[in-house]
*Asks:* 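Here you go, one structure.
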Amino acid sequence: MQDEIPGLDGNDANDMKEDDETLNIPDHDYGDESIVHLEDLEHIRLRPGMYIGRLGDGTAPNDGMYVLMKEIIDNSIDEFAMGYGKLIQIKIEDKRISIRDYGRGIPFGFSEKDKTQNLLDAAVSKLHTGAKFDNKTFQKSVGMNGVGLKAANALSSQFTVQSFRNGETLALTYEKGILVTPDFTPKPTTERNGTLVSFIPDDTLFEPYEYNTEYIDTMLRNYAYLNVGLKLTFNGTEYKSENGLLDLLNESIDEEPLYPPIHLKTQDIEVAFTHGSGYGENIYSFVNGQNTTLGGTHLAAFKEAIAKVLKDFYKKDFNPVDVRQSIIGAVSVRIQEPEFEGQTKVQLGSKYMWQNKQEGTHGPTLSKTMLDFLSTDLDNYLHKNLDVADVILAKIQDSEKERNAISSISKKTKARLKKASLHNKKLRDCRIHYGDRNPLADQSTLFITEGDSASGSITKSRDANTQAVFSLMGKPFNCAKASKKDLYAEKNVELALLQSALNIEDGVEGLRYNNIVIATDADVDGMHIRLLMLTFFLKFYPDVVRAGHLYILQTPLFRVRDKKSNVYCYSSAEKEAALKKMGRGAEITRFKGLGEISPDEFKGFIGEDIRLEMVHLTGEDKISDIIQFYMGDNTPVRQKFIRTNLRSDIDNTEEAQ
């Protein structure tokens, strides 16, 4: 007799059988053949998101091809940090990325445990293989998990690694992670020690992609700022820094600072900061040379420490928000065994300066180390530079005055806004928000639409789990010369409600949506509303833009269809390609407004195939100049620009509209 499952009697079994029949659960085979083992690189190709985040097409700075590039440069940076190799050469020819360093070179002997396993081959093809699993060979490095080279190998149509060590060299070539040159015999060379890696991201995995050299330029500048004495070259352009984070700040400040940047440095911590005249906080953060775009424990430690030190220096109980309002800064730390929130290393999770989990020991916390450092060095600086201390004090007091003015808005106005926020008829919310402990939290999106017609189409076709809609009644007011207090005027309540919907009134830390998408018609009025919304975010919440949360929705201009298929086209070129494929008898529809697109059609534009254009700020972009040019009182200057750049080569009047 077959053993019965403890706690399950015959009646329970019958009930389960009846339940299965009621639910009509399909019968799927689940046998021995269902259990599959994947080789290391096969798994990376099957689940690339686990290793590099998104694949992408090169239009966003965190797209996969840049992550792969960064992972390999990180290895070269680790060599430099250990005192080997002061030059890293990067080239891009067509789609091929090549990176050459002059470090020690990857060993290419054979494993002591497995005499048939070549070490260079293992370093680029076997997970959990590398020299960074202890602190003997590399200290305070970025790459800790031995994944970067393997991911680049697996996700490339062609990948070559060549190591130069002590007069010998070995080169191995792979295609989609499979070794095609299985000869492990070293050859003599006169080349200097180091490693050369070249690869072509696999276009069967990545979307059709192009490289944006602006993103690469920013990445290499940051590497130079964080590694004084290192020289990087990219297609002939040289990157080198003599003053570290001070150079970063001086080159990236987009407004006139209130005082010269303060630059403080110790063995493991470097900070530079000043204050501007705008809103928000703009603080770059790095750990072991890695740009942590989402911050982490080191950024939190810096923000807490600078608020406390300044409060103690002035002997006043300032609100930290006032201390950090319009701060422009950078912080870099070097720690052992850094822990990141995910493989892409954009958010630090480490609590201690060093930690040995196996032995249960650790060093001082990041927060204590940062506070001790600033309590001494920043306090000394301010005592020696009382003129700077006076400017900082005046700035804090100005921020405090404005915040108190906003807080002292009449009870009637506050009550009206609170009531409107609780019953925000302009917001059709979603169930999952950014910051929720939910795997879909990063997909949370707020569409800002123009009018009820467009918002109705999006609302009916959206995914209510992750997509929310905020409807504008018309053109919001021009914020170019406004202060935050102006947002609370009766006529501007719409933007105050948007603030409330986003939950950013008191800072961007509570942002409820990862993606904020401006969705307006592709006509003159729609473009004007788009500019007004961009002005609002750039003026009052530049942190949202810098963090990559703001997007423009691209919607199709045409629909081309015949009896067999529909094709949605975003340009005249795409329309002509569709017509060529279907024949001239195909029907063409020109969309002039979002409200003209039916909910069923809209579902395809805001689903997996959504086309978004990120609003991106570079170090050269001056926010105040951008706002003044596009939205300020300089009509003659704008008119001259339009006349000078007016295009006369557009033959397609439909697209020109």
Side-chain angles (χ1 to χ4, degrees), residues 60-62 214-215 218 222 248-258 261 272-285 291-295 299 302-303 320-331 346 395 398-399 402-403 406 434 446 448 476-487 495-496 498-499 501-518 530-552 613-632:
N62 60 338
E214 184 181 287
Y215 299 150
T218 299
N222 287 338
L248 183 155
L249 227 57
N250 284 329
E251 293 182 24
S252 62
I253 291 177
D254 59 12
E255 60 181 294
E256 188 67 29
L258 298 182
F273 71 91
T274 182
H275 280 80
S277 303
Y279 293 92
E281 302 171 7
N282 182 17
I283 307 174
Y284 302 90
S285 65
N291 185 5
T292 44
T293 55
L294 295 183
L299 178 58
F302 171 71
K303 291 167 70 171
V321 172
D322 298 324
V323 173
R324 298 192 300 261
Q325 182 67 273
S326 75
I327 191 172
I328 307 163
V331 55
V346 293
K395 172 58 184 173
D398 285 345
S399 298
E402 183 177 17
R403 184 177 56 81
I406 294 173
Y434 191 45
L446 178 70
I448 302 174
F477 87 107
N478 186 350
C479 302
K481 296 192 292 184
S483 68
K484 263 194 178 179
K485 187 178 178 181
D486 296 325
L487 297 178
L495 292 182
L498 177 59
Q499 272 187 157
L502 294 168
N503 194 34
I504 55 177
E505 187 174 3
D506 297 322
V508 299
E509 292 81 5
L511 184 66
R512 299 179 74 231
Y513 309 95
N514 187 29
N515 309 304
I516 304 167
V517 179
I518 301 173
R530 181 186 298 182
L531 280 174
L532 290 167
M533 291 311 305
L534 289 173
T535 303
F536 166 73
F537 284 106
L538 289 172
K539 174 78 174 182
F540 298 122
Y541 298 104
D543 300 2
V544 169
V545 183
R546 292 191 185 98
H549 293 296
L550 189 62
Y551 296 85
I552 303 296
E613 182 179 352
M614 180 186 288
V615 180
H616 180 65
L617 282 173
T618 69
E620 289 74 31
D621 288 330
K622 312 296 184 186
I623 291 178
S624 58
D625 291 347
I626 292 173
I627 293 175
Q628 174 61 24
F629 179 79
Y630 287 103
M631 307 302 289

*Asks:* Under the side-chain contact (heavy atoms from CB on, under 4.5 Å) criterion, do C479 and L495 qualify, and how do the steps go?
*Replies:* CA-CA 10 Å; C479 302; L495 292 182; 3.8 Å; yes

*Asks:* What's the verdict on side chain to side chain donor-acceptor pair (under 3.5 Å) for H549 and N514, showing C-alpha distance, side-chain angles and the deciding distance?
*Replies:* CA-CA 6 Å; H549 293 296; N514 187 29; 3.2 Å; yes

*Asks:* If only atom types and distance count, is the side chain of Y284 paired as donor or acceptor with the main-chain N or O of L248 below 3.5 Å?
*Replies:*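 No, the answer is negative, given that no donor and acceptor are paired below the 3.5 Å cut-off.
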
*Asks:* Just how far is it from atom CD of E613 to atom CG of L550, taken to the nearest 0.5 Å?
*Replies:*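 It comes to 10.5 Å.
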
*Asks:* Working to the nearest 0.5 Å, report the span between CZ of R324 and CD1 of I283.
*Replies:*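 Output value for this atom pair is 7.0 Å.
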
*Asks:* Do L487 and F477 have side chains that get closer than 4.5 Å, going by heavy atoms?
*Replies:*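 A side-chain contact under 4.5 Å exists here.
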
*Asks:* Let me confirm one number: the CG-CD1 distance from L534 to I518, rounded to the nearest 0.5 Å.
*Replies:*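 The CD1 atom of I518 is 4.5 Å from CG of L534, to the nearest 0.5 Å.
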
*Asks:* Would you please test D322 and E402 for side-chain contact (heavy atoms from CB on, under 4.5 Å) and show each step?
*Replies:* CA-CA 9 Å; D322 298 324; E402 183 177 17; over 6 Å; no

*Asks:* Looking at every heavy atom in both K395 and G278, which two are closest together, and how far apart are they?
*Replies:*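 Minimum heavy-atom separation between K395 and G278: NZ-O, 4.2 Å.
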
*Asks:* Roughly how far, to the nearest 0.5 Å, is CG of N503 from OH of Y434?
*Replies:*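 Y434 atom OH to N503 atom CG measures 13.5 Å (nearest 0.5 Å).
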
*Asks:* Any sub-3.5 Å donor-acceptor pair from S285's side-chain atoms to T292's backbone N or O?
*Replies:*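 Judged by distance alone, yes, a pair lies under 3.5 Å.
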
*Asks:* With sequence neighbours left out, what residues match F537 under ring-ring contact (aromatic ring centres under 6.0 Å, His included)?
*Replies:*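 Listed in chain order: nothing, the list is empty.
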
*Asks:* If you measure from CG on L502 to OH on Y513, what distance do you get to the nearest 0.5 Å?
*Replies:*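 Rounded to the nearest 0.5 Å, the CG-OH separation comes to 7.0 Å.
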
*Asks:* Quick check: does any side chain N or O of N515 sit under 3.5 Å from a backbone N or O of Y551, one acting as donor and the other as acceptor?
*Replies:*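 It does not hold such a pair.
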
*Asks:* Looking only at atom types and distance, does a side-chain atom of H275 sit under 3.5 Å from a main-chain N or O of V323, one as donor and one as acceptor?
*Replies:*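 Confirmed, H275 side chain pairs with V323 backbone.
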
*Asks:* Of all residues at least two apart in sequence or in a different chain, which pass the salt bridge (charged side-chain N to carboxylate O under 4.0 Å, His left out) check with R512?
*Replies:*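 Applying salt bridge (charged side-chain N to carboxylate O under 4.0 Å, His left out) to R512 gives D429.
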
*Asks:* Among residues at least two apart in sequence or on other chains, which ones pass salt bridge (charged side-chain N to carboxylate O under 4.0 Å, His left out) with E509?
*Replies:*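 In terms of salt bridge (charged side-chain N to carboxylate O under 4.0 Å, His left out), with neighbours along the sequence ignored, E509 is linked to K303.
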
*Asks:* Answer yes or no: is there a donor N or O on one side and an acceptor on the other, between the side chain of T274 and the main chain of P261, under 3.5 Å?
*Replies:*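 Answer holds: no.
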
*Asks:* State, yes or no, whether a side-chain contact exists between N291 and T218 at a heavy-atom distance under 4.5 Å.
*Replies:*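 No, their side chains stay 4.5 Å or more apart.
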
*Asks:* How close do S277 and L258 get, heavy atom to heavy atom, and via which atoms?
*Replies:*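 In this case the closest contact between S277 and L258 is OG-CD2, 3.6 Å.
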
*Asks:* At their closest point, which heavy atom of Y215 faces which heavy atom of H616, and how far apart are they?
*Replies:*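 Heavy-atom minimum between the residues: CE2-NE2, 3.5 Å.
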
*Asks:* Measuring from L299:CG to T293:OG1, what's the distance to the nearest 0.5 Å?
*Replies:*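 Output value for this atom pair is 11.0 Å.
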
*Asks:* So F536 and Q499, do their side chains get closer than 4.5 Å, heavy atoms only?
*Replies:*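 Counting from C-beta outward, Q499 and F536 do come under 4.5 Å.
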
*Asks:* Please report the closest heavy-atom contact between A482 and K539, naming both atoms and the distance.
*Replies:*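 Heavy-atom minimum between the residues: O-CE, 3.1 Å.
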
*Asks:* Quick one: does Y279's side chain get under 4.5 Å of S483's, heavy atoms only?
*Replies:*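 In contact.
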
*Asks:* Testing the basics here: between G548 and M614, what is the closest heavy-atom pair and its distance to 0.1 Å?
*Replies:*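 Closest heavy-atom pair between G548 and M614: O-CE, 3.9 Å.
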
*Asks:* Has the side chain of D543 got a donor or acceptor atom that lies under 3.5 Å from a matching backbone atom of G280?
*Replies:*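 Not a single qualifying donor-acceptor pair exists.
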
